[in-house]
Amino acid sequence: QVQLVESGGGLVQAGGSLRLSCAASGTFLLSANAMGWYRQAPGKQRELVAMIMRGGSTDYADVVKGRFTISGDLATNTVYLQMNSLKPEDTADYYCHRRYSGTNYWGQGTQVTVSS
């Protein structure tokens, strides 16, 4: 059983910063193929925010490029998201994601609220 545990969400004013953390745990946990962050705002579909893949390549949603930075270590199944210059439209539940051998794993989500 693989579990993803997120932390770091909260309430912040527009222009502020937050750092999200995620760590995976489980028995005989092997290196992930990719880890990242998705978000879901009320009434909207879940969308990719950022992802880091084997070899160190990264992918970002256009709306967060230049403001958010993803980092992590796939060997230890940890991933972080540094979010700067936050906007009210970044308000959502943020979910940690891990992909291994074609299987997707999800965290429970952490709430990020950006006030104007």
Side-chain angles (χ1 to χ4, degrees):
Q1 189 78 0
V2 176
Q3 289 188 321
L4 302 180
V5 179
E6 304 115 329
S7 62
L11 173 64
V12 65
Q13 287 190 331
S17 298
L18 284 174
R19 179 178 168 86
L20 304 183
S21 301
C22 174
S25 62
T27 305
F28 304 120
L29 197 63
L30 300 176
S31 298
N33 298 132
M35 292 189 73
W37 295 91
Y38 286 71
R39 69 186 182 187
Q40 187 167 18
K44 294 188 176 181
Q45 290 189 333
R46 190 173 294 190
E47 61 179 5
L48 172 70
V49 177
M51 182 165 290
I52 186 167
M53 292 156 279
R54 280 190 176 178
S57 59
T58 57
D59 189 23
Y60 292 91
D62 288 343
V63 293
V64 306
K65 284 180 180 177
R67 300 188 296 122
F68 291 10
T69 302
I70 190 169
S71 61
D73 184 348
L74 298 183
T76 59
N77 290 276
T78 55
V79 66
Y80 308 94
L81 186 68
Q82 178 65 43
M83 303 186 293
N84 299 329
S85 302
L86 282 160
K87 303 176 181 180
E89 50 264 44
D90 294 319
T91 295
D93 290 325
Y94 284 69
Y95 295 89
C96 180
H97 171 261
R98 174 182 184 266
R99 187 172 71 232
Y100 174 75
S101 191
T103 300
N104 294 305
Y105 302 89
W106 296 94
Q108 292 297 308
T110 184
Q111 190 172 55
V112 171
T113 302
V114 184
S115 63
S116 56

Checklist line | Glu6 side chain to Gln108 backbone, donor-acceptor under 3.5 Å | finding: yes

Check: What pair of heavy atoms forms the shortest contact from Ala75 to Ser31, and how long is it?
Finding: CA-OG, 3.3 Å

Check: Under 3.5 Å, side chain of Asn77 to main-chain N/O of Leu30, donor-acceptor pair present?
Finding: yes

Checklist line | Nearest heavy-atom neighbours spanning Trp37 and Ile70 | finding: CD1-CD1, 4.0 Å

Check: Considering only heavy atoms from C-beta outward, does the side chain of Leu20 approach that of Val112 to under 4.5 Å?
Finding: yes

Checklist line | Set of side chain to side chain donor-acceptor pair (under 3.5 Å) partners for Asn84, sequence neighbours left out | finding: Ser17, Gln82

Note to self: Quick check on Glu89: does its CD atom have over 12 non-hydrogen neighbours (other residues, nucleotides or ligands) under 6.0 Å away?
What the structure shows: yes

Margin query: Any side-chain to backbone donor/acceptor pair from Tyr60 onto Arg67? Under 3.5 Å, distance only.
Written below: no

Margin query: Check this for me, if you would: do Asp90 and Lys87 make a salt bridge, where the nitrogen-to-carboxylate-oxygen distance has to be below 4.0 angstrom?
Written below: no

Checklist line | Under the side chain to side chain donor-acceptor pair (under 3.5 Å) test, residues paired with Arg99 that sit two or more places apart | finding: none

Item checked: Closest heavy-atom pair and its distance - Ile52, Gly72 -> CD1-N, 4.1 Å

Margin query: So which atom in Ala23 and which in Thr78 form the shortest heavy-atom distance, rounded to 0.1 Å?
Written below: CB-CG2, 4.1 Å

Margin query: Count I, L, V, M, F, W, Y as connected when their side-chain heavy atoms are under 4.5 Å apart, and connections chain through other members. Are Leu29 and Leu4 then in the same cluster?
Written below: yes

Item checked: Over all atoms of both residues, closest heavy-atom pair of Ala50 and Leu81 -> CB-CD1, 4.1 Å

Note to self: Looking at Arg98 and Tyr105, would you say the former's side chain and the latter's main chain have a donor-acceptor pair under 3.5 Å?
What the structure shows: no

Notebook entry, point to check: Between Val5 and Leu74, is there a shared hydrophobic cluster once you connect ILVMFWY residues whose side-chain heavy atoms come closer than 4.5 Å?
Noted result: no

Checklist line | Any side-chain heavy-atom pair of Arg39 and Val64 under 4.5 Å | finding: yes

Checklist line | Hydrophobic cluster identity match, Val49 and Val63, side-chain contacts under 4.5 Å | finding: yes

Notebook entry, point to check: Can you check whether Tyr94's main-chain N or O pairs, donor with acceptor, with Thr110's side chain at less than 3.5 Å?
Noted result: no

Item checked: Joint cluster assignment, Tyr80 & Leu18, ILVMFWY side-chain distance < 4.5 Å -> no

Check: If you group Ile, Leu, Val, Met, Phe, Trp and Tyr whenever their side-chain heavy atoms sit less than 4.5 Å apart, what else falls in with Met53?
Finding: Tyr38, Leu48, Met51, Tyr95, Trp106

